[in-house]
Amino acid sequence: MSERVAVRKTYKLFIGGKFPRSESGRSYPVQNSNVALASRKDVRDAVLAARAAVRGWSGTTAYNRGQVLYRVAEMLEGRRDQFVGLGVPVAEVDEAIDRWVWYAGWSDKITQVYGNANPVAGPYFNLSAPEPTGVVGVLAPAEPALLGLVSVVAPAIVTGNTVVVLVADASPLPAITLSEVLATSDLPGGVVNLLTGRPTETAPWLAGHMDVNALDLTGVTDPEFGTELERAAAGNLKRVLRPPAAPVDWTADPGIARMTALLETKTVWHPKGG
């Protein structure tokens with residue numbers, strides 16, 4: 001009997017809730033598997049999908065968004081061993097699951113903490129309420145591959161934003177496997193779009209895209225490259241989260257800074273009485 005040849009898995013992109021191959025047809029090998037190599041056309045398709053999802057996702061109730069994030073945690077718990085098999089430490093998988101739950105709990109509370117009723121002189125109500133920024137481009141940190149990704153994606157989407165994530169080319173398997181978890185959860189298509197490949201090749205197109213509202217550069221380690229992306233983002237005055245100045249302890253309490261950084265504040269006046 002001849003020796004069986006294993007079927008090599010091809011990890012595809014995650015765009016609009018589906019798993020297309022790269023428009024360019026390119027891929028690269030990682031851990032005996034093939035991983036799609038995204039192109040600038042894939043970036044445009046991902047932004048289009050993210051924009052189409054903004055209205056529905058931001059328009060759902062905060063309570064329902066929290067339910068969806070909790071469902072992601074449930075699905076991730078069920079595939080825990082698969083991530084461990086990819087080389088993700090057990091502790092990191094557990095922390096990633098807990099991080100989804102933590103942000104799910106903030107979904108219907110962040111408005112109460114970050115919004116407020118303002119004291120004004122006169123017979124008026126003056127209310128400030130946070131609203132999502134829109135489409136957020138994210139350069140995910142390379143390490144820790146799973147917990148770092150969850151820690152930049154979850155705070156962006158829990159408040160109603162949608163994201164296009166560029167994953168580091170050296171450690172894509174936990175990220176694209178997470179997208180398989182997202183696809184089987186209740187997350188609407190287009191809320192999270194994930195592109196594997198070379199961020200140095202695709203990030204300039206994402207940073208300069210005129211339909212992207214904010215840019216999270218957490219995963220950028222080259223200061224010159226970060227500056228280049230900031231300049232590209234200035235074309236439509238994107239909100240930019242700069243790379244951290246010091247190494248990040250991803251296991252620490254994340255606080256609310258990542259959620260509030262991607263919120264806009266709307267202030268409304270309304271007369272009192274009849």
Side-chain angles (χ1 to χ4, degrees), residues 6-22 27-38 46 49-50 53 57 64-107 138 140-158 162-197 218-219 250-251 254 258:
V7 177
R8 176 178 290 184
K9 180 172 181 177
T10 296
Y11 289 84
K12 302 176 184 178
L13 308 176
F14 185 54
I15 300 175
K18 300 178 181 180
F19 292 93
R21 296 180 184 273
S22 172
S27 64
Y28 65 106
V30 178
Q31 294 182 16
N32 296 318
S33 299
N34 296 321
V35 177
L37 193 61
W57 182 241
N64 283 341
R65 286 198 297 272
Q67 286 184 311
V68 170
L69 264 69
Y70 189 82
R71 178 61 175 164
V72 173
E74 288 181 337
M75 299 299 291
L76 183 54
E77 182 82 49
R79 298 179 66 167
R80 185 169 172 271
D81 292 344
Q82 184 177 1
F83 286 90
V84 174
L86 291 173
V88 182
V90 173
E92 183 183 340
V93 179
D94 291 344
E95 287 165 352
I97 295 168
D98 294 346
R99 188 64 43 94
W100 280 111
V101 174
W102 193 86
Y103 277 114
W106 271 103
S107 62
V138 179
E143 293 294 338
L146 179 61
L147 180 59
L149 176 65
V150 171
S151 297
V152 294
V153 169
I157 67 173
V158 72
T162 62
V163 297
V164 176
V165 186
L166 305 185
V167 178
D169 53 354
S171 54
L173 299 192
I176 200 65
T177 303
L178 178 64
S179 72
E180 295 174 357
V181 171
L182 299 177
T184 53
S185 70
D186 298 323
L187 190 72
V191 174
V192 175
N193 305 275
L194 195 146
L195 304 180
T196 51
T218 297
W250 294 105
T251 63
R258 285 195 168 273

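Since the model is a prediction, treat every value here as computed from it, not as a measurement.
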Trainee: So Arg99 and Leu147, do their side chains get closer than 4.5 Å, heavy atoms only?
Mentor: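 Of all side-chain heavy-atom pairs linking Arg99 with Leu147, at least one is under 4.5 Å.
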Trainee: Could you work out, with side-chain contact (heavy atoms from CB on, under 4.5 Å) as the rule, every residue matching Ser171, not counting sequence neighbours?
Mentor: Ala142, Glu143, Ala145, Ala168
Trainee: For Ala46 versus Ile15, what's the shortest heavy-atom pair and its separation?
Mentor: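 So the two residues come closest at CA-CG2, 3.8 Å.
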Trainee: What residues form a ring-ring contact (aromatic ring centres under 6.0 Å, His included) with Tyr11, not counting sequence neighbours?
Mentor: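 Residues passing ring-ring contact (aromatic ring centres under 6.0 Å, His included) with Tyr11: none at all.
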Trainee: Once ring-ring contact (aromatic ring centres under 6.0 Å, His included) is applied, do any residues pair with Phe14, and if so which ones, sequence neighbours excluded?
Mentor: Phe19
Trainee: Tell me, please, which residues at least two apart from Asn34 pass side-chain contact (heavy atoms from CB on, under 4.5 Å).
Mentor: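 With sequence neighbours excluded, Asn34 shows a side-chain contact (heavy atoms from CB on, under 4.5 Å) to Arg8, Thr10, Ser27, given in chain and number order.
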Trainee: side-chain contact (heavy atoms from CB on, under 4.5 Å) between Leu194 and Ile176: does it pass, once the steps are laid out?
Mentor: CA-CA 7 Å; Leu194 195 146; Ile176 200 65; 3.8 Å; yes
Trainee: Mind checking what makes side chain to side chain donor-acceptor pair (under 3.5 Å) contact with Gln82, not counting sequence neighbours?
Mentor: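 So Gln82 forms a side chain to side chain donor-acceptor pair (under 3.5 Å) with Arg79.
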Trainee: For Glu74, which residues count as a side chain to side chain donor-acceptor pair (under 3.5 Å) partner, sequence neighbours excluded?
Mentor: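 Residues passing side chain to side chain donor-acceptor pair (under 3.5 Å) with Glu74: Arg71.
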Trainee: Please identify which of these residues, Val181, Ile97, Val90, Leu173, meets the side-chain contact (heavy atoms from CB on, under 4.5 Å) condition with Phe83.
Mentor: Val181
Trainee: I need the minimum non-hydrogen distance between Thr196 and Ala36, along with the two atoms involved.
Mentor: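 Nearest pair, atom of Thr196 first, then Ala36: OG1-O, 2.7 Å.
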Trainee: Just wondering, do Val30 and Pro172 contact through their side chains at under 4.5 Å, heavy atoms?
Mentor: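 Side-chain contact under 4.5 Å: yes.
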Trainee: Heavy atoms only: give me the nearest Pro20-Lys12 pair and the separation to one decimal.
Mentor: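 That would be O-CB, 3.3 Å.
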